[in-house]
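For clarity, every value in this text was computed on a predicted model and none was experimentally measured.
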Amino acid sequence: MARIAVIGAGIIGSSITAVLQREGHAVTCFDPRGPGQAASFGNGGSIAPGSIAGTSGPGILGDAIRWSLAGDGPLRLHWPRLPVAAPWLRRFARAGRPDGLQGTAAALHQLHRSALTDYAQLLGPGRADLLRTSGQLYVYDSDKAYEKDAPGRALRRDHGVRMTELTADEALEMEPSLRPGLARALHLPDFGQTPNPGALVRAIAEDAVRDGARLVTTCIHKLLPVPGGRGMGLLSDHGEEVFDTVVVAAGIWSNRLLKPLGAAVPLESLRGYHATLELPRMPGQPIYPIAEKIMATPMEDGLRVVGVVEVAGTRKPPEFSNIDRLTGAARRIFRDVGEARSVWMGHRPAMPDSVPVICRAPGHPDLVLALGHGQTGMCGAPGTANLVSDLLAGRQGRIEPHHFDIARFR
């Protein structure tokens, strides 16, 4: 039995804590606010095993510049951030080339393909209400939008993702809450969601604590390599502790701990927004209007619409004018959209190629990195937990670890 510290109690850290605890380790999870209070709280709730396309794409930076100048569009650059973000953005642009897209798809397919079944095992039968295997519906407002999405469909098809093409009438029959005017749709029956992301994270963390894990609400200030020996220490508000292994799953804040050890990764915040809207007749599944670049998910408290990607760092205040874009898009897609019940902005920790880093830190064999999931943390969490468990046990699991090694950036 190893003594393991997990830094971060979002969906990634909580899932890692639960899996390692079940394997018999003594696990302590540290987080300054508690389970699921940051990026995990506000995400769109999509759990899509076939979500394998990265954020980048051909000509993405040119598009981002045009959208930013116009003050509209799904990806925006905050000009004062550019000197700091430039190296990340160059790698981001390279990831949008054909070979980069293929590499991203291969990695994310490995990580996501068993997400729903892995969650079912992680949660157990008493938590079934936190998962829905309803499928997802991709909708297209024009034939042009459908053709533009052809590369994404080809990637999914190449990786065995089941898809059924629907006419506009068939889509409206499946989801009467949609407005008329669609051109066509695509149904992905093996996709699903959680209706309450925050509750999902809390359930996983609570079950882990019930099984013997410790959850400590505190801030970690520093990682402390053990001189002349194995293990890794950490300094928190509660003092110093030494563990056999430390797993860093602290999202966008991870580099604050990793930089002093020379283990920083190319991490950038893709700031995202959500609005939870009133809708008298909810859809039965998440709806992805491809041209609008939003995801609309039926939640326990309303229709959650997520979207907008800002490269603006962590200090800039939220631009809640982006909520107008989300609500406007929702009203173009759905009938009878009401007022916003809640709004939110959070920091999605992203690698430039949309593939997280899950590996041992270079030069620090007792330090494991599990971060950079960007917009797909909810889908990638159980696979990440299983891969971390395999790495610590020295065994080859179903996920090939080389896809997620930091060495690809060195």
_Passing candidate, side-chain hydrogen bond (donor to acceptor under 3.5 Å, both in side chains) with D207, options R127, R202, Q21_ = R127
Nearest atoms (heavy-atom pairs only) where [X] meets [Y]:
X	Y	value
V309	R348	CG2-NH2, 3.4 Å
L367	L258	CD2-CD2, 4.0 Å
T376	S51	CG2-OG, 4.0 Å
L131	L116	CD1-O, 4.2 Å
P382	D118	CB-CB, 3.5 Å
L303	P298	CD1-N, 4.1 Å

*Passes side chain to side chain donor-acceptor pair (under 3.5 Å), S389 versus E23? Steps please.*
CA-CA 8 Å; S389 177; E23 293 210 342; 2.7 Å; yes
*Can you list the residues that meet the ring pair (Phe, Tyr, Trp, His ring centres under 6.0 Å) rule with W253, with sequence neighbours excluded?*
H347
Expected output: side-chain [X] to main-chain [Y] donor-acceptor under 3.5 Å:
X	Y	result
D244	I4	no
N196	A199	yes
E147	A145	no
R341	D301	yes
R331	G338	yes
H25	A2	yes
R156	V161	no
R91	F409	yes
S236	T218	no
S68	A64	yes

*From CA spacing to verdict: side-chain contact (heavy atoms from CB on, under 4.5 Å), L130, Y119*: CA-CA 10 Å; L130 292 171; Y119 266 124; over 6 Å; no
Side chains of [X] and [Y], donor plus acceptor under 3.5 Å:
X	Y	answer
H187	E165	no
Q285	E175	yes
T276	S342	yes

Flag yes if more than 12 heavy atoms outside [X] fall under 6.0 Å of its [atom1] atom; otherwise flag no.
X	atom1	value
E173	CD	no
K316	NZ	yes
R395	CZ	yes
E339	CD	no

Sub-4.5 Å side-chain heavy-atom contact between [X] and [Y]:
X	Y	value
Y138	Q136	yes
L82	L77	yes
R214	C29	no
I290	Y288	yes
V368	L392	yes
V305	T327	no
L111	P356	yes
V265	L369	yes

_Pair E319-H78, side chain to side chain donor-acceptor pair (under 3.5 Å): steps then yes or no_ = CA-CA 11 Å; E319 293 277 359; H78 181 53; 5.9 Å; no
So, taking the atom named [atom1] in [X] and the one named [atom2] in [Y], what distance separates them when rounded to the nearest 0.5 Å?
X	Y	atom1	atom2	result
L270	L75	CG	CG	8.0 Å
T133	I47	OG1	CD1	10.0 Å
D211	T17	CG	OG1	12.0 Å
L234	E241	CG	CD	6.0 Å
C219	D237	SG	CG	6.0 Å
E170	L137	CD	CG	11.0 Å

*Take T164 and L186 through the side-chain contact (heavy atoms from CB on, under 4.5 Å) test and state the conclusion after the steps.*
CA-CA 6 Å; T164 302; L186 199 67; over 6 Å; no
*Evaluate side-chain contact (heavy atoms from CB on, under 4.5 Å) for L200 paired with M378, printing each intermediate quantity in order.*
CA-CA 10 Å; L200 175 68; M378 191 60 63; 3.4 Å; yes
*salt bridge (charged side-chain N to carboxylate O under 4.0 Å, His left out) contacts touching residues 253-275 (sequence neighbours left out)*: R81-E268, R271-E310
*Geometric cation-pi criterion R184 and Y140, 6.0 Å radius, 45° cone*: no
*For salt bridge (charged side-chain N to carboxylate O under 4.0 Å, His left out), just list the numbers for D336 and R281, CA-CA rounded to whole Å, side-chain angles, deciding distance to a tenth of an Å, and then say yes or no.*
CA-CA 8 Å; D336 305 321; R281 181 164 48 178; 5.6 Å; no
*Any ion pair linking D353 and R94 (charged N to carboxylate O, less than 4.0 Å)?*
no
*Relative to each other, are the rings of H274 and W344 parallel, tilted or perpendicular (30° and 60° limits)?*
parallel
*When you look at I52 and T104, which way does the side-chain contact (heavy atoms from CB on, under 4.5 Å) test go after all the steps?*
CA-CA 7 Å; I52 58 175; T104 293; over 6 Å; no
